[in-house]
Amino acid sequence: MEMNDVAMPEIVVTGFPKCGTTALMRTFEDDPEVITLRAPSLTMEVPWPVIKEIRPATIAEGRVLAHKYTAYAYNKEALQYLTAVNPDSILVLCVRDPARSLVSWHKMHRSIARSEKDTGHFAYLERDFYAECSIPDYYERFAKRRLRYDLHFKNMLEIVPLSRLVVVSQERMAQGIGEVAAHLKAVARGSTAPLAAAAGTEEVHQGYADRVERTLPVAIRNEFKRTRKRLAEAVAESGVQSCL
């Protein structure tokens with residue numbers, strides 16, 4: 001084992017952009033029981049393989065380590081490392097209604113392409129397309145396969161032990177992100193108890209994505225319905241913990 005191959009409670013947040021990964025990490029950052037990692041550039045996304053360089057060897061007893069990189073969901077090598085390096089880690093796969101993810105993702109990349117805040121980002125480098133593309137064109141060129149949650153989930157099952165994978169929806173976090181964060185800490189510490197139903201005391205925000213997704217072409221909306229159904233069936237069949 002390498003120096004930092006030490007068992008400790010660890011939460012690895014992955015999934016898909018605009019699915020609540022940042023909100024979840026901000027909740028962890030505000031929790032004194034959680035040690036969160038940021039990249040050397042101070043961004044919340046700790047890319048592969050940077051995590052191998054900054055992941056601590058140990059943490060104080062009673063604390064939980066947490067870090068995130070959305071693209072882990074697509075990266076077999078990273079998943080293999082994260083699964084092997086710490087037998088006590090859990091991987092949290094964040095998902096969202098793919099129609100709303102598509103709309104939010106498109107808006108984000110269009111904004112990047114139109115500004116000069118991140119000139120190294122692929123959307124800016126290909127700004128002739130991303131600055132003005134329609135949502136259907138964006139879907140076909142960039143997002144179609146990336147939003148096949150069911151395929152990515154099944155690929156993760158080939159690497160990550162069932163007991164160490166938790167699927168969380170952005171919609172469930174919107175109902176009570178503090179409850180979800182506390183549940184994930186408990187799971188990282190060995191709990192197998194399921195997350196209780198949402199108390200329903202927090203108002204669910206209805207934003208840009210909720211309005212625009214209703215205007216998507218019928219073919220795309222129908223494909224997303226099939227994706228959601230396949231994912232729900234795959235999660236249920238696998239038996240992994242979920243907060244959907």
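By convention here, the first residue in the shown sequence is residue 1.
Without hydrogens or angle criteria, Ser111 side chain to Lys107 main chain gives no donor-acceptor distance under 3.5 Å. For Ser242 (side chain) and Val167 (main-chain N/O), no donor-acceptor pair under 3.5 Å exists by modelled atom type. Of the possible polar contacts, one joining the Ser238 side chain to the Val235 backbone as a donor-acceptor pair under 3.5 Å is found. No donor-acceptor pair under 3.5 Å is formed between the side chain of Thr21 and the backbone N or O of Thr70. His106 places a side-chain N or O within 3.5 Å of a backbone atom of Cys133 that can act as its donor or acceptor partner.
Looking only at side-chain heavy atoms (C-beta outward), Met8 and Asp88 stay at 4.5 Å or farther from each other. The shortest distance between side-chain heavy atoms of Met25 and Val13 falls below 4.5 Å. In this structure, Leu151 and Arg145 have side chains that are in contact, with non-hydrogen atoms separated by less than 4.5 Å. Inter-residue side-chain proximity for Val64 and Ile35 is flagged as unmet; no heavy-atom pair is nearer than 4.5 Å. The side-chain heavy atoms of Ile135 and Leu102, taken from C-beta on, include a pair separated by under 4.5 Å. Between Thr14 and Val92, every side-chain heavy-atom pair lies at or beyond the 4.5 Å cut-off. Side-chain atoms of Tyr72 and Leu82, non-hydrogen and from C-beta on, do get closer than 4.5 Å to each other. The side-chain heavy atoms of Val95 and Val168, taken from C-beta on, include no pair separated by under 4.5 Å.
Here the CH2-SG distance, from Trp105 to Cys19, works out to 8.0 Å after rounding to the nearest 0.5 Å. To the nearest 0.5 Å, atoms CZ (Arg63) and CD (Glu61) are separated by 12.0 Å. In this structure, Asn86 CG and Leu65 CG are separated by 8.5 Å, a value rounded to the nearest 0.5 Å. Once rounded to the nearest 0.5 Å, the distance linking CD of Glu140 with CG of Asp137 reads 8.0 Å. Taking OG1 of Thr43 as the reference point, atom CG of Asp118 lies at 10.0 Å (rounded to 0.5 Å). A distance of 7.5 Å separates OG1 in Thr119 from CG in Leu125, rounded to the nearest 0.5 Å.
Considering every non-hydrogen atom in both Gln241 and Thr192, the closest pair reads NE2-CA, 3.8 Å. In this structure, Glu45 and Ala39 approach most closely via the heavy-atom pair O-CB, 3.4 Å. The two residues Met173 and Cys94 come nearest to each other via the heavy atoms CE-SG, 4.1 Å.
Using modelled atom types, one finds a donor on one side chain and an acceptor on the other under 3.5 Å when comparing Lys68 with Thr22. Between the side chains of Ser104 and Arg96, at least one donor N or O lies within less than 3.5 Å of an accepting N or O. Between the side chains of Lys18 and Ser101, no donor-acceptor pair is found at a separation under 3.5 Å.
Both cation-pi conditions hold for Arg146 and Phe142: the charged atom is under 6.0 angstrom from the six-membered ring centre and inside a 45 degree cone around its axis.
For Lys229 and Glu233, the salt-bridge test passes: some basic side-chain N is under 4.0 Å from an acidic carboxylate O. With respect to the salt-bridge test (charged N to carboxylate O, under 4.0 angstrom), the residues Glu10 and Arg55 qualify. A salt bridge is absent between Arg110 and Glu132; no separation between the charged side-chain nitrogens and carboxylate oxygens falls under 4.0 Å.
For residues 16-46, the set of pairs meeting the ring-ring contact (aromatic ring centres under 6.0 Å, His included) definition, not counting sequence neighbours, comprises Phe16-Tyr74, Phe16-Tyr149, Phe16-His152. Within the structure, ring-ring contact (aromatic ring centres under 6.0 Å, His included) pairs that include any residue of residues 218-244 comprise Tyr139-Phe224 (at least two apart or interchain). The salt bridge (charged side-chain N to carboxylate O under 4.0 Å, His left out) contacts involving residues 24-35 comprise Glu29-Arg38, Asp31-Lys185, Glu33-Lys185, Glu33-Arg189, where partners must be two or more places apart or lie in separate chains.
Summarising the local packing, CZ of Arg230 is surrounded by more than 12 heavy atoms from other residues, nucleotides or ligands at distances under 6.0 Å.
Ring centroids of Tyr138 and Phe129 are separated by 6.0 Å or more, keeping the two rings apart.
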In sequence, state the C-alpha distance, the side-chain angles, and the governing distance for Ser89 and Arg164, and then conclude on side-chain hydrogen bond (donor to acceptor under 3.5 Å, both in side chains).
CA-CA 7 Å; Ser89 67; Arg164 295 168 57 189; 2.8 Å; yes

Step by step, would you call Tyr130 with Tyr124 a ring pair (Phe, Tyr, Trp, His ring centres under 6.0 Å)?
CA-CA 8 Å; Tyr130 287 102; Tyr124 181 82; over 10 Å; no

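By the 30° and 60° cut-offs, the orientation of the rings of His109 relative to His121 is tilted.
In this structure, Tyr69 is a member of the same hydrophobic cluster as Phe122, with clusters built from ILVMFWY side-chain heavy atoms closer than 4.5 Å.
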